[in-house]
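Below is one structure, written out as structure tokens, with a few remarks after it.
Note that this is a predicted model, so its numbers are computed, not measured.
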Amino acid sequence: MTDLAIPMTTAAERVRWRTVPILAAGLFGGFALGVIARAWMRLIAEDPEFTWSGTIFIVVGFSIFGFTQSIAAVARRRTRRRWTLTVARAIGAIGLLPLFVGAGAIMLPTVVGGGLALTRVEWRRFVRVICVVAAAGPVVFVATELVGSFGYSLRAAAGFLAMLALYGTIVTATRYTIAAQTDGWRLGRKARTAFLVVLGLVVVYATVGMIG
């Protein structure tokens, strides 16, 4: 009778195999979001144009975004060491940048402000309200532009609802990067004040850009 050798999977290997699906989901989820974002941009354009270079740039940028957010998600699940999680969150923050190239820059307050309002439940309410206002500004602006371009039409409504779904998904995906670390450490008062000043400047910049 032949003995059957049953390989024993180590804990490290089990962690690795649980990590791979998360990273793959982030990569392919970002890819899918990129395809949807490209379709949305075509929908809301008054004179839609298609170029392979532009499409590839958008899809690759969103794929990077999805992959880097999945790195932050894995770090949240696998480590409690501050420096490791900080590095992972920094990677996630860098992964946000491709979303704000060119015309996408206008949505930066929506993604950052929305992510902060969603995840920073430990902040004071008025600070989160400021984040919501910052997030809502570009959404209102784009909605106004859609009505100005297409009137109160099915196309304008579809473009607005698609924008809410797309950027709602993006904001939700940033939660592993933006949420506070759970080791009890918090920014000092001066750092929080500096952050509010920077956030206010971002809101002013975005408002001036939309009006101009």
Side-chain angles (χ1 to χ4, degrees), residues 19-20 22-34 36-37 57-124 127-128 130-139 163 166-206 209:
T19 298
V20 169
I22 295 175
L23 296 177
L27 178 62
F28 290 106
F31 176 87
L33 271 180
I36 294 170
F57 181 83
I58 292 167
V59 172
V60 169
F62 271 83
S63 298
I64 292 172
F65 162 75
F67 185 69
T68 54
Q69 301 319 298
S70 68
I71 291 175
V74 168
R76 291 271 183 185
R77 291 169 178 262
R78 302 298 176 217
T79 184
R80 293 293 180 269
R81 289 180 294 183
R82 163 160 287 277
W83 73 269
T84 304
L85 187 51
T86 299
V87 169
R89 292 176 66 202
I91 292 172
I94 293 171
L96 288 170
L97 299 180
L99 303 186
F100 308 127
V101 176
I106 194 174
M107 301 305 293
L108 186 150
T110 296
V111 175
V112 177
L116 290 171
L118 174 68
T119 61
R120 293 307 183 108
V121 295
E122 75 281 3
W123 284 2
R124 294 184 179 181
V127 178
R128 296 177 72 194
I130 293 174
C131 293
V132 171
V133 171
V139 174
M163 175 182 63
L166 175 63
Y167 280 93
T169 302
I170 292 171
V171 167
T172 302
T174 64
R175 65 190 185 277
Y176 296 108
T177 293
I178 296 179
Q181 298 181 193
T182 58
D183 57 3
W185 183 86
R186 294 292 182 269
L187 285 174
R189 178 174 297 180
K190 291 183 179 180
R192 290 197 300 269
T193 301
F195 170 78
L196 290 175
V197 170
V198 172
L199 182 61
L201 291 174
V202 169
V203 173
V204 171
Y205 173 79

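Taking 4.5 Å as the limit, every side-chain heavy atom of Thr119 sits out of range of all side-chain heavy atoms of Tyr176. In this structure the side chain of Ile36 never reaches within 4.5 angstrom of the side chain of Phe62, judged on heavy atoms. The shortest side-chain heavy-atom distance between Thr84 and Arg78 does not fall under the 4.5 Å cut-off.
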Donor-acceptor pairs are to be reported for all side-chain atoms of residues 95-115 against protein atoms at under 3.5 Å, with residues two or more places apart or in another chain.
unit_1, atom_1, unit_2, atom_2, d
Thr110, OG1, Ala135, O, 2.7

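Rounding to the nearest 0.5 angstrom, the gap separating the OG atom in Ser70 from the CG atom in Leu23 is 4.5 Å. From Ser63, atom OG reaches atom CZ of Phe28 across 9.0 Å, with rounding to the nearest 0.5 Å. The structure places OH of Tyr167 at 14.0 Å from OG1 of Thr172, a figure rounded to the nearest 0.5 Å. In this structure, Gln69 CD and Ile178 CD1 are separated by 7.5 Å, a value rounded to the nearest 0.5 Å.
The side chain to side chain contact (heavy atoms under 4.5 Å, CB included) search around Arg89 returns Arg76, Leu85, Arg120, Gln181, not counting sequence neighbours. Scored by the side chain to side chain contact (heavy atoms under 4.5 Å, CB included) test, Val171 finds Leu118 as partners (sequence neighbours excluded). Every residue meeting the side chain to side chain contact (heavy atoms under 4.5 Å, CB included) condition with Ile91, not counting sequence neighbours, appears here in chain and number order: Thr68, Ile71, Val87. Ala173 is linked by a side chain to side chain contact (heavy atoms under 4.5 Å, CB included) to Phe65, counting only residues two or more places apart in sequence or in another chain.
The minimum heavy-atom distance linking Gly92 with Thr177 is given by the pair CA-OG1, 3.5 Å. Nearest heavy atoms, Ala72 versus Ala88: CB-O, 4.0 Å.
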Evaluate Leu116 against Trp123 for side-chain contact (heavy atoms from CB on, under 4.5 Å), listing each step before the verdict. CA-CA 9 Å; Leu116 290 171; Trp123 284 2; 3.7 Å; yes
